[in-house]
Amino acid sequence: MFSKFPALRRVSIYMVLSYGTLVFVNNSGYELENMWIIYAPMFIGVYIFSRWIDSRLPAISANKDPKKQD
């Protein structure tokens, strides 16, 4: 399904990673006056990491031989 809709795959990866890091940061005990000092670089890093993961997924599925039915 995700191979037919790559945008949905990218959004799903980003949502899972950003939610996980948001929970981690919120439970870490940081209590800054302006939490965007932490959030902005975190979401940029999550976006870059999610795009890297997304770029690796087609390469993994491309290694499978579509003619071979195991």
Partners meeting ring-ring contact (aromatic ring centres under 6.0 Å, His included) with Tyr19 (sequence neighbours left out) | none

Got a second to check how far Ile53's CD1 is from Arg9's CZ, nearest 0.5 Å?
-> 11.5 Å

Would one find more than 12 heavy atoms of other residues, nucleotides or ligands at under 6.0 Å from atom CE of Met15?
-> no

For the residue pair Tyr47 and Tyr14, categorise the inter-ring angle as parallel (less than 30°), tilted (30 to 60°) or perpendicular (more than 60°).
-> perpendicular

Say you draw a straight line from CD of Glu31 to CG of Asn26; how long is it, rounded to the nearest 0.5 Å?
-> 10.5 Å

Closest non-hydrogen contact found for Met42 with Val25 is SD-CG2, 3.4 Å

When rounded to the nearest 0.5 Å, the distance separating CZ of Arg10 from CZ of Phe5 is 13.0 Å

Heavy-atom closest contact (Val46 atom, Ser18 atom, distance) = CG1-N, 3.7 Å

Taking the six-membered ring for Trp, are Phe43 and Tyr39 parallel (under 30°), tilted (30 to 60°) or perpendicular (over 60°)?
-> tilted

Between Val23 and Val16, is there a shared hydrophobic cluster once you connect ILVMFWY residues whose side-chain heavy atoms come closer than 4.5 Å?
-> no

Provide the closest heavy-atom pair for Ile38 versus Pro41 in the form atom of the first, atom of the second, distance.
-> O-CD, 3.4 Å

Identify whether Leu22 and Leu17 are in the same connected component of the hydrophobic contact network (ILVMFWY, side-chain heavy atoms under 4.5 Å).
-> yes

